[in-house]
Amino acid sequence: PDCSGVDTAMWGSVKTAVIEAYAAKSGNDLPFEDYCLYNSLGCPIADKQSVALFVDEDNDFFLRPLPEGAKATNSALASSTKTKGELSYYYAHGTRSNL
């Protein structure tokens, strides 16, 4: 994908490009809202974060499904997402076992 404007690019656009590239090669569509990008340390990256904030010396990122139970309507993540509009504290501070 085109990487111009990395200083203003958001991770959601990177996630869209990765999902579209995967679908083009595999023929399988991945639901955007069911996946998240993670950095090389296993930390989730919110879609509305600047690419420049999460680029490190490795520059690796991985597309993975959301943790099990993350979409439950009664979860802390669901409540936070409803009020804040995107991933927040509860998502970023999940235990390593559910990432």
Side-chain angles (χ1 to χ4, degrees):
D2 178 21
C3 292
S4 61
V6 71
D7 55 331
T8 58
M10 297 295 170
W11 279 102
S13 58
V14 174
K15 184 167 92 171
T16 297
V18 170
I19 288 173
E20 288 173 355
Y22 175 80
K25 288 184 180 187
S26 71
N28 297 319
D29 290 329
L30 299 176
F32 183 88
E33 63 278 357
D34 290 349
Y35 287 82
C36 182
L37 290 171
Y38 293 79
N39 67 13
S40 58
L41 300 174
C43 299
I45 304 170
D47 295 336
K48 293 182 182 177
Q49 286 294 320
S50 168
V51 169
L53 290 177
F54 282 87
V55 174
D56 63 13
E57 64 274 0
D58 295 329
N59 293 324
D60 293 333
F61 61 92
F62 307 91
L63 183 68
R64 296 184 180 143
L66 287 174
E68 198 172 311
K71 294 187 74 172
T73 57
N74 62 347
S75 71
L77 172 61
S79 174
S80 179
T81 301
K82 183 177 178 181
T83 58
K84 296 186 179 191
E86 73 165 294
L87 305 177
S88 65
Y89 175 86
Y90 297 104
Y91 187 74
H93 292 85
T95 63
R96 193 157 282 286
S97 64
N98 68 8
L99 297 177

Contact summary for Met10 and Lys48, nearest pair of heavy atoms:
SD-O, 3.3 Å
Please name all residues satisfying side chain to side chain contact (heavy atoms under 4.5 Å, CB included) with Phe32, sequence neighbours left out, ordered by chain then number.
Lys15, Thr16, Ile19, Asp47
Does one hydrophobic cluster hold both Tyr35 and Phe62, with members joined at side-chain heavy-atom distances below 4.5 Å?
no
If you take all heavy atoms of Ile45 and Cys36, which pair is closest and at what distance?
O-SG, 3.6 Å
Between Val18 and Phe61, does a side chain to side chain contact (heavy atoms under 4.5 Å, CB included) hold up when you go through it step by step?
CA-CA 11 Å; Val18 170; Phe61 61 92; 4.0 Å; yes
Extract all donor-acceptor atom pairs below 3.5 Å that involve side chains of residues 20-31 and protein atoms in other chains or at least two apart in sequence.
{"residue": "Ser26", "atom": "OG", "partner": "Tyr22", "partner atom": "O", "Å": "2.8"}
{"residue": "Ser26", "atom": "OG", "partner": "Asn28", "partner atom": "N", "Å": "3.0"}

